Amino acid sequence: MGRMATDTAPEGSRPRLDPADLYAVDQLLGDEERLIQLTVRDFVRERFLPQVAEHYAAGTFPRELIPWLAGLGLFGMHLEGHGCAGASAVAYGVACEELEAGDSGLRSFVSVQGSLAMFPIHRFGSEEQRDRWLPEMAAGRAIGCFGLTEPDAGSDPAAMRSHARRAGGDWVLSGTKMWITNGSLADIAVVWAQTDEGIRGFLVERGTPGFSARDIEGKLSLRASVTSELILEEVRVPEASLLPGARGLGGPLACLDEARYGIAWGVLGAARACFEAAVEYARSREAFGHPIAHFQLTQAKLAEMATRLVQGRLVAHRLGTLKDAGRARTVQVSLAKRANTRTAVEIARAARTILGANGLTLDYPVARHMANLEAVLTYEGTEEVHTLILGKAITGEDAFG
Amino acid sequence: MNVVVCVKLVPDPDSVGQLDATTHRLRRDLAEPVLDPGDEFGVEAGLRLVEAHGGEVRVVSMGPERALDAIRKALAMGAARGVLVTDDGLGGSDALTTAKVLAAAIGREPFDVVITATESTDGYTGIVPQALAELLGVPAVTFASGVVSDGTALTVTRQTESGSETILAGLPCVVSVTAGVNEPRYPSLRGIMGAKSKPMDRCTPVELGLEAVGGGAAAGQTVVSVTAADERRAGEVVTDDGDGAHRIVLLLAGARVI
Ligand SMILES: Cc1cc2nc3c(=O)[nH]c(=O)nc-3n(C[C@H](O)[C@H](O)[C@H](O)COP(=O)(O)OP(=O)(O)OC[C@H]3O[C@@H](n4cnc5c(N)ncnc54)[C@H](O)[C@@H]3O)c2cc1C
């Protein structure tokens, strides 16, 4: 029996389907979003990819790209006013996807700046704080970081030990923050600490006496991204550095929802890069007298990857639509972060096998993405934490504690 | 300074092209259409002129409805407005027809400089700039590798095989720019989002007062057959007997590449 036809036109005479987007999910994008996608894609290909392997090996972030990222308007792109572009959530997602097709470290840089540092100032800050920081941060002249995690409090941030107490008209902060992306690069740190009024957020400027950052060395994942420890020893900051609008854990969690949203899209970029590398490699690499693409075992891997990519993209788009309508819920963000990150991890690992030994080197993007995605699986809520968020939403039972 | 930049939507040059077996025309449906990368240099050159001397960049394109995407990208980069000449009958137009249509669209308003690429990345005829200049009745300065202005004239650098020429050109004129004349900017997000509020007109050749132009059968030039090029012969192998480098230098010099 021949192949089932779904259409009378012979396949060869029809526009070629993109194997990485077999359901043409990209067609859900508007003209503007499409142009953003192509622009960021070009930028990543032309400016970032030629140097990523070197930075990855050295464990550095390509800081010279910061003005370019700002020039494109990517910092805080989904925020309104104060020098931010005010793009749609879908546009932000698309940009994250293209950035992470470069490297999760590049996307992390932009996520942290926009969703974790600018967002809390935008959402919870005073008018003075917004005016002072947001235009500078959008322009890339000020870099931000987000200090929530501590050496002994990761998945359970309520257990944080950092604290702040009032002293005259000031606040005095003490504690240690761990695993802070861009920590030592940052001009301004959003630091969350326990107070008599519950968890509150503070803007701590670089150079404030008692405040220092130390880079975490020897990461084997997300190497093209700076991760630091923040040390706060009796750091005195004025009342004006308190974020007035955030009280309790809801403050930092709202920021995480923003960043997790971007990750749900971003990881699909990493997955796509791995898939495309695998397809190209499978078509050219020969074994046993055939391109390895000829073998059913290879095809099964590629078929699974292509399917998972389509599923992930549909989830991301639907979430984007909900977010643009102001209706995205935390559990939906969790579902997408969890499912799409898992998808990306599995696609990267399967792609890795297709590239054989070459898949282990920095000459191809796959090992790099595969290693990066392990960090992405852990940060912004581990896979287990998102499972528990889903479980609680489904059953009403809280299984965290 | 009023600058007009001609832009074209072409199938992504990174994809493998394919010709239609009967019409011998490039299959435009098989690859993602993009603003011709060669035209990005033109848009950038135009933007730099108006940034230095005031005025605005107007982009003009001939193509199918989708060519609005090419115009949109130019607007996102900073052009002020765009016009697309579109008509089903224009499909398959030859270079002369294209030049007539573009000249009619450009000539509707006064201009100081018309900028084009040296050739499109799909058709590669490379004669539109000169034809355009002739039809507009202005000089053509071709293959520019550098364009600057003092506001009243252009100083154009032309790369030639043996060196470079510097040409002073009065306005108005047509300039064709080579790839590498500048580094085209990326459209910013703000530019992309602002593009939708910029004027983007559509018109037909008839509206431009052109009755007798048309593509396909009406084109003055028709491709009657296409033959694949001979496979490239294998290169010459120089066996190194101690003088390998010297012999390679001689070979390259003989081929006039060094
Ligand atoms: C590269 C990188 C960058 C980072 N950047 C930042 C940043 O910018 N700012 C910031 O604040 N943080 C940042 N983090 C920290 C990150 O958010 C935390 O690592 C994460 O929240 C997990 O915390 P943990 O590492 O302490 O693991 P733990 O919380 O100790 O978890 C260890 C394991 O136990 C599991 N676990 C915990 N609780 C439960 C439970 N109830 N049920 C089942 N399993 C459970 C976890 O899922 C995990 O598998 C970053 C981390 C990395 C790796």
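Predicted model, so just to flag it, every value in this text is computed and none were measured. Each chain gets a letter, A, B and so on, in the order the sequences are listed, and its residues count up from 1.
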[X] versus [Y], closest heavy-atom pair with distance:
{"X": "B:S188", "Y": "A:G71", "value": "CB-O, 3.2 Å"}
{"X": "B:L189", "Y": "A:A85", "value": "CD2-CB, 3.6 Å"}
{"X": "B:R72", "Y": "A:D31", "value": "NH2-OD2, 3.2 Å"}
{"X": "B:Y186", "Y": "A:L72", "value": "CB-CD2, 3.4 Å"}

Is it true that atom [atom1] of [X] has more than 12 heavy atoms of other residues, nucleotides or ligands lying nearer than 6.0 Å?
{"X": "B:D201", "atom1": "CG", "value": "yes"}
{"X": "A:E280", "atom1": "CD", "value": "no"}
{"X": "B:E109", "atom1": "CD", "value": "yes"}
{"X": "A:R283", "atom1": "CZ", "value": "no"}
{"X": "A:R123", "atom1": "CZ", "value": "no"}
{"X": "A:R41", "atom1": "CZ", "value": "yes"}
{"X": "A:Q51", "atom1": "CD", "value": "yes"}

Electrostatic pair B:D14:A:R45 at N-O distance under 4.0 angstrom: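 Salt bridge between B:D14 and A:R45, a charged N being under 4.0 Å from a carboxylate O: yes.
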Salt-bridge contact A:R47-B:E183 (side-chain N to carboxylate O under 4.0 Å): yes
Within a strict 4.5 Å, meaning less than it, do heavy atoms of the A:R34 and B:E32 side chains meet? yes
For chain B, which candidate among A:L74, A:L38, A:I36 shows the most heavy-atom pairs at distances under 4.5 Å? A:I36
Nearest 0.5 angstrom please: [X] [atom1] to [Y] [atom2], how far?
{"X": "A:C84", "Y": "B:R190", "atom1": "SG", "atom2": "CZ", "value": "8.0 Å"}
{"X": "A:D42", "Y": "B:K73", "atom1": "CG", "atom2": "NZ", "value": "5.0 Å"}
{"X": "B:K196", "Y": "A:E32", "atom1": "NZ", "atom2": "CD", "value": "3.5 Å"}

